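Notes to accompany the following structure.
Please read all numbers here as calculations on a predicted model, not as lab measurements. Just so you know, ligand 1 is whichever comes first in the structure, and atom 1 is the first atom listed for that ligand.
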Amino acid sequence: MAAGPAGLRLTLQRLVLDSPAYGFGGSVTAPHDSSSEEERGLDVPGTCVVGLQWGDEAKGKLVDILTEDHEIVVRYQGGANAGHTVVSGGETWKLSLIPSGILRDGVTCVVTGGVVLDPASVIGEIDMLEGRGVTVAGKLRLSDRAHVVFPWHMAEDAILNGSLSSGESIGTTGRGIGPCYRDKVGRSLAFRLGDLYRPTFRETFDHVFDVKQRFLEASRPGEMPKLDLDRDAIFRQYCGYAERLRDYVGETTNFLLDAAETGRPLLFEGAQGALLDIDHGTFPFVTSSNSSGVGVASGSGVPGRWINRVIGVIKAYSTRVGGGPLPTEQDNAIGEHLRQRGREFGTVTQRPRRCGWFDAVATRYTSRLSGVDELAVMLLDVLGGLEELKICTAYCIRGEVVDRFPSQIEDLQEAEPIYETLPGWPEELTDVRREADLPVNARRYIDRIGELLGRPVSIVSVGPDRAQTIFREGFPATAPCPPNPQQEQATV
Ligand code: GDP
Ligand code: IMO
Ligand code: MG
């Protein structure tokens, strides 16, 4: 993805991205930019922000900042399992389905067909934003291809308790994500947003409702009370949602392709983190979408050739919420230090996040997987006050030292981290605004991360607010770290 379509200049006519052409109603307006194609850099329109760990890397904060330079912000996978926090001028915003770009004027936010959409959630967010003075009308577009989350999906999530067949808990967010994606892939019991407007909706709804009711009753554990899903009430409720969202729903794939091909700067906002990717993450302790960089094209319909900048977002340490291995977990005073200073409690479920040292084996893997060009190291301030910092540079799995991330969960479960130790710093970083003002040990720490991941660190975050961000000038002198051929062979 890093290589943009250099030299490729499409001679498409400059399109006006006007709403009716894509089926959007109401007063939806498209962004309009009168700058020339040369000025806007026609052949390099896409930037992608992707989390490289297990989610909550502060993608929302970064997207909000980068939105300043983009016209269109795109959410391409996941659903209301995401919780993205943006802090600006003392105000805190928590967003789940609507891209964090919504907080800026003149920006169009697109939720594509790769997302599973809970209408109640999105309406709740629209109301919250409008109630706090943020205009959403005319700025938000929801794909008619997005699959719809129904109450039975949440019920399935609850009944299965997010558990594997072994009974071990994945610890899902309970938002019906897995069951909705399962129906999407299974095809026969799925509804896309566009289906809610069809005259056949009632008939299809009744059929699906019957099947779901039988399934839920059969899979309900004995001790769980009978589920009381009210057919007519749910139908009416979803018809109401469809009406409420009518002006926001339309075709987004052509909209985005037209935008990319005419050089509009696009910003793609990843949800979750690459280690939760259904295909490439720590299966089965993952979410149900492609949350690494590989998901951008499939989820949005915009080919990778239009994405020329991939920013990998990492926390300066590791966190995970829910089940599954976290090799560097510190279930001790260090973990507690990180949890308290980083306020590591889930945005969606308020669960305490599990905390540990930075894992360079895992993030080097996800940097490569996601085609990352540069790194944003977030929450660096949280490490302040620790005498020593550890970075995991390899795993020892059943006596063998490996520096490649294993594909099998049993291997990851047995992985013992091999650490290198760096000196910490006592200073608080939250007021630092220039790289030169960072303590030398903090600079050493981020440079070492860049070196281990083979990518430069271009952005450093020292607090939740927009202002607490350092953009490294001419960023920075981290030479790519070539793989050690001996270690490359030492795979599991
Ligand atoms: P996302 O899901 O990747 O958008 O991340 P979340 O919003 O779920 O979690 C990141 C949390 O860290 C939020 O509460 C942010 O306000 C907060 N945050 C972001 N950047 C920083 C930072 O540099 N330092 C500190 N201490 N907190 C930060
Ligand atoms: P953001 O976008 C952190 C985790 C859940 C669970 C697993 C599967 O805020 O980074 P799901 O409900 O998706 O079926 O749960 O994935 N998970 C997240 N963890 N941040 C997220 O999103 C997450 N979304 C899902 O805790 O372990
Ligand atoms: Mg989050």
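- Heavy atoms of G463 come nearer than 4.0 angstrom to ligand 1 in at least one pair.
- Within ligand 1, counting atoms from 1 as listed, the ones closer than 4.0 Å to a heavy atom of S461 are 20 (N), 21 (C), 22 (C), 23 (O).
- Below 4.0 Å from some heavy atom of A271 lie the following atoms of ligand 2, by number and element: 2 (O).
- Any N or O atom pair closer than 3.5 Å counts here, and H84 shares at least one such pair with ligand 2.
- Of all N, O or S atoms in D56, the one lying closest to the Mg ion (ligand 3) is OD1.
- Partners of I278 under the side chain to side chain contact (heavy atoms under 4.5 Å, CB included) rule, at least two apart in sequence or in another chain, are F283, V286, N290.
- Ring orientation note: the planes of W357 and Y419 are nearly perpendicular, at an angle over 60° on the 30°/60° scale.
- Contacts of W54 with ligand 2, taken as heavy-atom pairs under 4.0 Å, involve the backbone alone.
- Few gaps surround CG on D127; more than 12 heavy atoms of other groups in view lie less than 6.0 Å from it.
- In the vicinity of D56, heavy-atom distances shorter than 4.0 Å reach the ligand 2 atoms 1 (P), 3 (C), 9 (O), 10 (O), 20 (N).
- None of the N, O or S atoms belonging to K59 lies under 2.8 Å away from the Mg ion (ligand 3).
- Residue-to-ligand polar distances place N81 within reach of ligand 2: an N/O pair is separated by less than 3.5 Å.
- Using a 4.0 Å cut-off between charged nitrogen and carboxylate oxygen, R104 and D69 do not count as a salt-bridge pair.
- No salt bridge links D64 with K59; every basic N to acidic carboxylate O contact stays at or beyond 4.0 Å.
- Using a 4.5 Å heavy-atom cutoff, the side chains of V110 and L140 are not in contact.
- Exactly one residue among R351, R339, R320, R353 makes a side-chain hydrogen bond (donor to acceptor under 3.5 Å, both in side chains) with E344. That residue is R353.
- Nearest to atom 7 (O) of ligand 1 by heavy atom, out of D465, T85, L62, is T85.
- Remark: among candidates A376, G342, G60, G270, the nearest residue to atom 4 (O) of ligand 1 is G60, based on non-hydrogen atoms.
- Remark: side-chain polar atoms of E269 are not paired, donor with acceptor, to backbone N or O of V50 under 3.5 angstrom.
- The part of K61 lying near ligand 1 is the side chain, judged by heavy-atom distances below 4.0 Å.
- If you look at R320 next to ligand 2, there are no close heavy atoms at all, none under 4.0 Å.
- The option with the heavy atom closest to atom 12 (O) of ligand 1, from among T92, L379, V321, is L379.
- Taking the six-membered ring for Trp and the full ring otherwise, the centers of F205 and W152 sit less than 6.0 Å from each other.
- Every atom of ligand 2 is numbered from 1 in the order shown, and the set under 4.0 Å from a heavy atom of G322 is 27 (O).
- Remark: distances from the non-hydrogen atoms of E57 to ligand 1 include one below 4.0 Å.
- Salt bridge status for R448 with E420: present, with a side-chain N to carboxylate O gap under 4.0 Å.
- Contact atoms of ligand 2 toward K59: 1 (P), 2 (O), 10 (O) (distance under 4.0 Å to a heavy atom of the residue).
- The shortest N/O to N/O separation between T173 and ligand 2 falls below 3.5 Å.
- Listed by number with element, the atoms of ligand 1 under 4.0 angstrom from any heavy atom of V382 are 26 (N).
- In summary, the atoms of ligand 2 found under 4.0 Å from a heavy atom of L276, numbered by their order in the structure, are 4 (C), 16 (O), 17 (N), 18 (C), 19 (N).
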Inset, instruction - Please report the C-alpha distance between E125 and K94 in whole Å, then the side-chain angles of each, then the deciding distance to 0.1 Å, and finally whether the salt bridge (Lys or Arg N to Asp or Glu O under 4.0 Å) criterion is met. - result: CA-CA 9 Å; E125 276 181 67; K94 291 191 184 293; over 6 Å; no
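- Close approach of ligand 2 to I170 (heavy-atom distance below 4.0 Å) involves ligand atoms 6 (C), 27 (O).
- When only non-hydrogen protein atoms are considered, atom 16 (O) of ligand 1 lies nearest to P464 CB, 3.4 Å.
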Legend entry - Audit row: R472, D447, salt bridge (Lys or Arg N to Asp or Glu O under 4.0 Å) steps and yes/no: CA-CA 12 Å; R472 299 179 90 192; D447 281 344; 3.0 Å; yes
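- With a 4.0 Å heavy-atom cut-off, ligand 2 is reached by the side chain of R351 but not by its N, CA, C or O.
- The nearest protein atom to atom 19 (N) of ligand 2, hydrogens excluded, is given as V321 CG1, 3.3 Å; this is a heavy-atom distance.
- Using a 3.5 Å distance cut-off with no hydrogens or angles, the side chains of Q213 and E217 do not pair a donor with an acceptor.
- In this structure, atom 13 (O) of ligand 2 lies nearest to the protein heavy atom T287 OG1, 2.6 Å.
- Under the 6.0 Å distance and 45° angle rule, R141 counts as a cation-pi partner of F255.
- Close N/O approach between T172 and ligand 2 is not found [any backbone or side-chain N/O within under 3.5 Å].
- Considering both main-chain and side-chain atoms, G273 never comes within under 3.5 Å of ligand 2 through any nitrogen or oxygen pair.
- If you take CG on L429 and CD on Q468, they are separated by 10.5 Å, rounding to the nearest 0.5 Å.
- Close N/O approach between K59 and ligand 1 is found [any backbone or side-chain N/O within under 3.5 Å].
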Inset, instruction - Test R341 against E428 for salt bridge (Lys or Arg N to Asp or Glu O under 4.0 Å), laying out the working first. - result: CA-CA 11 Å; R341 277 181 65 91; E428 285 295 344; 3.1 Å; yes
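- Contacts with ligand 2 closer than 4.0 Å are made by backbone heavy atoms (N, CA, C, O) of V286 only, the side chain lying farther away.
- Here's the thing with G83: one of its N/O atoms is less than 3.5 angstrom from an N/O atom of ligand 2.
- Heavy-atom proximity to G171, at under 4.0 Å, picks out these atoms of ligand 2: 5 (C), 6 (C), 26 (O), 27 (O).
- Every atom of ligand 1 with a heavy atom of H84 under 4.0 Å away is listed here by number and element: 1 (P), 2 (O), 4 (O), 7 (O).
- When the options N81, T173, T172 are evaluated for a side-chain hydrogen bond (donor to acceptor under 3.5 Å, both in side chains) with D157, the one that passes is T172.
- Nearest heavy atom pair, residue P221 against residue I159, reads CD-CG2, 4.0 Å.
- No donor-acceptor pair closer than 3.5 Å links the side chain of K184 to the backbone N or O of A146.
- Close approach of ligand 1 to D381 (heavy-atom distance below 4.0 Å) involves ligand atoms 22 (C), 23 (O), 24 (N), 25 (C), 26 (N).
- For V462, every heavy-atom contact with ligand 1 shorter than 4.0 Å involves the backbone, none the side chain.
- Less than 4.0 angstrom separates some heavy atom of A82 from each of these atoms of ligand 2: 1 (P), 2 (O), 9 (O), 22 (O).
- The pair E57-K315 does not meet the salt-bridge criterion, since no charged nitrogen lies less than 4.0 angstrom from a carboxylate oxygen.
- S370 contributes no side-chain N or O that, together with a main-chain N or O of S367, makes up a donor-acceptor pair within less than 3.5 Å.
- Residue contacts with ligand 1, taken as heavy atom pairs separated by less than 4.0 Å, involve R353 solely via side-chain atoms from C-beta onward.
- Proximity annotation for atom 8 (O) of ligand 1: of G83, A58, G51, G83 comes nearest, heavy atoms only.
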